[in-house]
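All values below were derived from every heavy atom in this structure, side-chain atoms included, with hydrogens, water molecules and symmetry-related copies excluded.
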Amino acid sequence: MTYASPKQTIAVSAYVTNEMGEVLLVRTHWRSETWEMPGGNVEVAEPLDEAVCREVQEETGVTIRPIGVTGLYFNQTKATLGVVFRGEYVGGEITPQPEEIIEVRYIAISEENIDQYITRPQQRSRTLDAIRATNFVPYETWEMKPNYQLKTRLAVKERK
């Protein structure tokens, strides 16, 4: 049997709220029937925290700072690992990326009304997990050459 390198993809998304507690959501051209958290695929060797910042910026025009991971999700059919970050708003004005995004806006999402906005079950569960998260999973990025160097650490943080 010949060894084959894994052909898996990593995707990131961010749960970001404004000062009123509304969630930053997007509608894409290929999933226009639902709202979802902004995000996308990670480039080869790109740190996940940098990827989520890049994807949110590209899709929405908003700059964020990731503060922790709220969940990990695996799509077996597409061999894609999804990592959802909690992100804090840093700056920027909402500016949808027209090639991918139809609409971006902050929406007051709750467990009671989520079905009105997020119609895909896998997106709904990710968003609900992020809403309910009181602690975050630690995340680190390391460089191994020439020595082990910690580039980023998002530590467990209690949600206020």
### Summary
To the nearest 0.5 Å, atom CZ of Arg124 lies from atom CD1 of Ile118 at 8.0 Å

### Message
Just to verify, what does Glu19 make a side chain to side chain donor-acceptor pair (under 3.5 Å) with, not counting sequence neighbours?
### Response
none

### Query
Distance from Glu59 atom CD to Gln97 atom CD, nearest 0.5 Å?
6.5 Å

### Query
For Asn113, what residues pass the side chain to side chain donor-acceptor pair (under 3.5 Å) criterion, not counting sequence neighbours?
Ser110

### CD (Glu99) with more than 12 external heavy atoms under 6.0 Å
yes

### Query
Is any side-chain heavy atom of Arg86 closer than 4.5 Å to a side-chain heavy atom of Thr17?
yes

### Atom of Ala14, atom of Val56 and distance for their closest heavy-atom approach
CB-CG2, 3.7 Å

### Query
What pairs of residues pass the ring pair (Phe, Tyr, Trp, His ring centres under 6.0 Å) test when at least one of them lies in residues 76-100, not counting sequence neighbours?
Phe85-Tyr139

### Task
Not counting sequence neighbours, which residues clear salt bridge (charged side-chain N to carboxylate O under 4.0 Å, His left out) with Glu33? List them please.
Arg120

### Query
Hey, what do you get for CZ (Arg65) to CD (Glu88), rounding to the nearest 0.5 Å?
4.0 Å

### Query
What's the spacing between Ile109 CD1 and Ile131 CD1 if we round to 0.5 Å?
6.5 Å

### Query
Where do Ile67 and Leu154 land on the side-chain contact (heavy atoms from CB on, under 4.5 Å) test, with the steps shown first?
CA-CA 6 Å; Ile67 60 173; Leu154 305 178; 5.9 Å; no

## Note on the structure
dist Gln8:CD -> Asn75:CG (nearest 0.5 Å) comes out at 11.0 Å

#### Entry: Set of ring-ring contact (aromatic ring centres under 6.0 Å, His included) partners for Tyr106, sequence neighbours left out
none

### Query
Hydrophobic clusters join Ile, Leu, Val, Met, Phe, Trp and Tyr when side-chain heavy atoms are under 4.5 Å apart, directly or via other members; which others share one with Trp142?
Met144, Tyr148, Leu150

### Query
Between Val52 and Leu72, is there a shared hydrophobic cluster once you connect ILVMFWY residues whose side-chain heavy atoms come closer than 4.5 Å?
yes

### Query
About how many Å separate CG of Asn41 and OG1 of Thr80, when rounded to the nearest 0.5 Å?
6.5 Å

### Ile64 versus Gly87, closest heavy-atom pair with distance
CD1-CA, 4.4 Å

### Message
Could you walk me through whether Arg132 and Glu111 satisfy the side-chain contact (heavy atoms from CB on, under 4.5 Å) test, starting with their C-alpha distance in whole Å, then the side-chain angles of each, then the deciding distance to 0.1 Å, before giving a yes or no?
### Response
CA-CA 9 Å; Arg132 296 172 183 150; Glu111 293 190 37; 3.0 Å; yes

### Query
Are Ile102 and Ile107 connected in the hydrophobic side-chain network, where two residues link if heavy atoms are under 4.5 Å apart?
no

### Task
Not counting sequence neighbours, which residues clear salt bridge (charged side-chain N to carboxylate O under 4.0 Å, His left out) with Lys78? List them please.
none

### Task
For residues Lys151 and Pro47, report the shortest heavy-atom separation together with the two atoms involved.
NZ-CG, 4.1 Å

### Task
Could you list the residues that satisfy side chain to side chain donor-acceptor pair (under 3.5 Å) with Glu55, not counting sequence neighbours?
none

#### Entry: For the student: nearest non-hydrogen atoms of Ala130 and Thr70, plus distance
CB-OG1, 3.8 Å

#### Entry: Apart from Val44 itself, residues in the same hydrophobic cluster as defined by side-chain heavy atoms under 4.5 Å
none

### Contacts of Glu50 that satisfy side chain to side chain donor-acceptor pair (under 3.5 Å) - sequence neighbours left out
none

Side-chain donor-acceptor pairs under 3.5 Å in residues 22-29, sequence neighbours left out?
{"unit_1": "Glu22", "atom_1": "OE1", "unit_2": "Asn18", "atom_2": "ND2", "d": "2.7"}
{"unit_1": "Arg27", "atom_1": "NE", "unit_2": "Glu103", "atom_2": "OE1", "d": "3.4"}
{"unit_1": "Arg27", "atom_1": "NH1", "unit_2": "Ser32", "atom_2": "O", "d": "2.8"}
{"unit_1": "Arg27", "atom_1": "NH2", "unit_2": "Glu103", "atom_2": "OE1", "d": "3.2"}
{"unit_1": "Thr28", "atom_1": "OG1", "unit_2": "Arg31", "atom_2": "N", "d": "3.1"}
{"unit_1": "His29", "atom_1": "NE2", "unit_2": "Pro98", "atom_2": "O", "d": "2.9"}

### Query
Partners of Ala51 by side chain to side chain contact (heavy atoms under 4.5 Å, CB included), sequence neighbours excluded?
Val12, Val42, Glu46, Arg54

### Task
Side-chain contact test, heavy atoms from C-beta onward, threshold under 4.5 Å: evaluate it for Thr127 versus Tyr117 and give yes or no.
no

